[in-house]
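Report on the structure given below.
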Amino acid sequence: MTRYWLFKSEPSVFSIDDLATVRSTSWDGVRNYQARNMLRDDVKPGDRVLFYHSNADPTGVAGVARVVKGAHPDTTAFDPKHDHFDPKSRASEPTWYVVDVRHEKTFSRVVTRDALAADPVCAKMMVLKKGSRLSIQPVTEAEYDAVLRLAK
DNA sequence: GCCAACGTTGGC
DNA sequence: GCCAACGTTGGC
């Protein structure tokens with residue numbers, strides 16, 4: 001079953017253009033247990049991803065990606081020199097996981113929060129809720145399709 | 001830069 | 001187990 005997700009990233013750190021350049025990448029650095037559980041248990045190859053730019057101008061969905069590999073350990077947690085190092089996570093029993101995603105499409109214009117809020121389907125999305133900090137969020141197929149329509 | 005909302009830590 | 005303090009996220 002194909003599922004649909006929204007992945008947040010600050011474009012100053014990693015943007016949809018960066019993903020387009022590298023083609024595919026491991027989505028590392030997720031350090032929240034709720035998001036980790038979804039990455040580890042629910043995000044599967046073939047799933048579709050809305051790539052969301054947070055802390056950005058403009059803020060919103062900048063494109064789409066595809067999951068190409070399911071959960072495997074986030075090795076950045078093992079590296080003491082890495083920003084995402086976490087001494088609690090060990091190779092024998094990893095705390096944190098990544099999935100691999102491949103660039104699929106960069107929208108010609110970002111689907112902004114205002115545009116999402118103005119759409120009857122997208123208005124209910126988790127990402128629009130005040131204080132919604134979850135960096136991996138489930139979206140419905142209807143929401144995913146509606147965002148693609150808004151991107152046209 | 002501000003600050004509200006949230007998650008985590010740690011003293012008790 | 002409670003909860004205050006703290007750090008982080010993220011919109012504005």
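Not measured: the values here are computed from a predicted model. Sequence lines set the chain letters: A, B, ... in the order given, protein chains first and strands last, and positions in each chain run from 1.
In the region residues 3-18 of chain A, proximity to DNA chain B at under 4.0 angstrom, judged on heavy atoms, holds for none of the residues.
With 3.5 Å as the limit, one finds no donor-acceptor pair spanning the side chains of Y144(A) and R3(A).
Atom OG1 in T112(A) sits 9.0 Å away from atom CG in L150(A) (nearest 0.5 Å).
Between dT8(B), dG11(C), dG7(B), one nucleotide has an atom nearer to the side chain of Y33(A) than all others, and that is dT8(B). Minimum atom distance to the side chain of Y52(A) is reached by dG11(C), of the listed dG7(B), dT9(B), dG11(C). The side chain of R113(A) sits closest to dC12(C) out of dC12(C), dG7(B), dT8(B).
One atom, CG of N32(A), and another, C1' of dG10(C), lie 14 Å apart when rounded to the nearest Å. Rounded to an integer number of Å, the gap from CG of D114(A) to P of dG11(C) is 12 Å. A straight line from CD of Q137(A) to P of dT9(C) spans 15 Å, rounded to a whole angstrom.
A distance-only check finds no donor-acceptor pair linking the side chain of R66(A) to the backbone of E104(A) [under 3.5 Å].
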Output a table of nitrogen or oxygen pairs between the protein and nucleotides 1-5 of chain B separated by less than 3.5 Å.
from   : atom 1 : to      : atom 2 : distance (Å)
dA5(B) : N3     : R133(A) : NH1    : 3.4

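Contact annotation: the side chain of E10(A) never approaches that of H53(A) to less than 4.5 Å [non-hydrogen atoms, C-beta and beyond]. Between E141(A) and T2(A), the closest side-chain pair of non-hydrogen atoms is not below 4.5 Å.
Sorted by first then second residue, the side-chain hydrogen bond (donor to acceptor under 3.5 Å, both in side chains) pairs that include residues 17-27 of chain A, not counting sequence neighbours, are S15(A)-D18(A), S26(A)-D100(A).
Between Y33(A) and W96(A), the ring center distance clears the sub-6.0 Å criterion.
Contact check on E143(A) versus K124(A) returns no salt bridge, with no Lys/Arg side-chain nitrogen under 4.0 Å from an Asp/Glu carboxylate oxygen.
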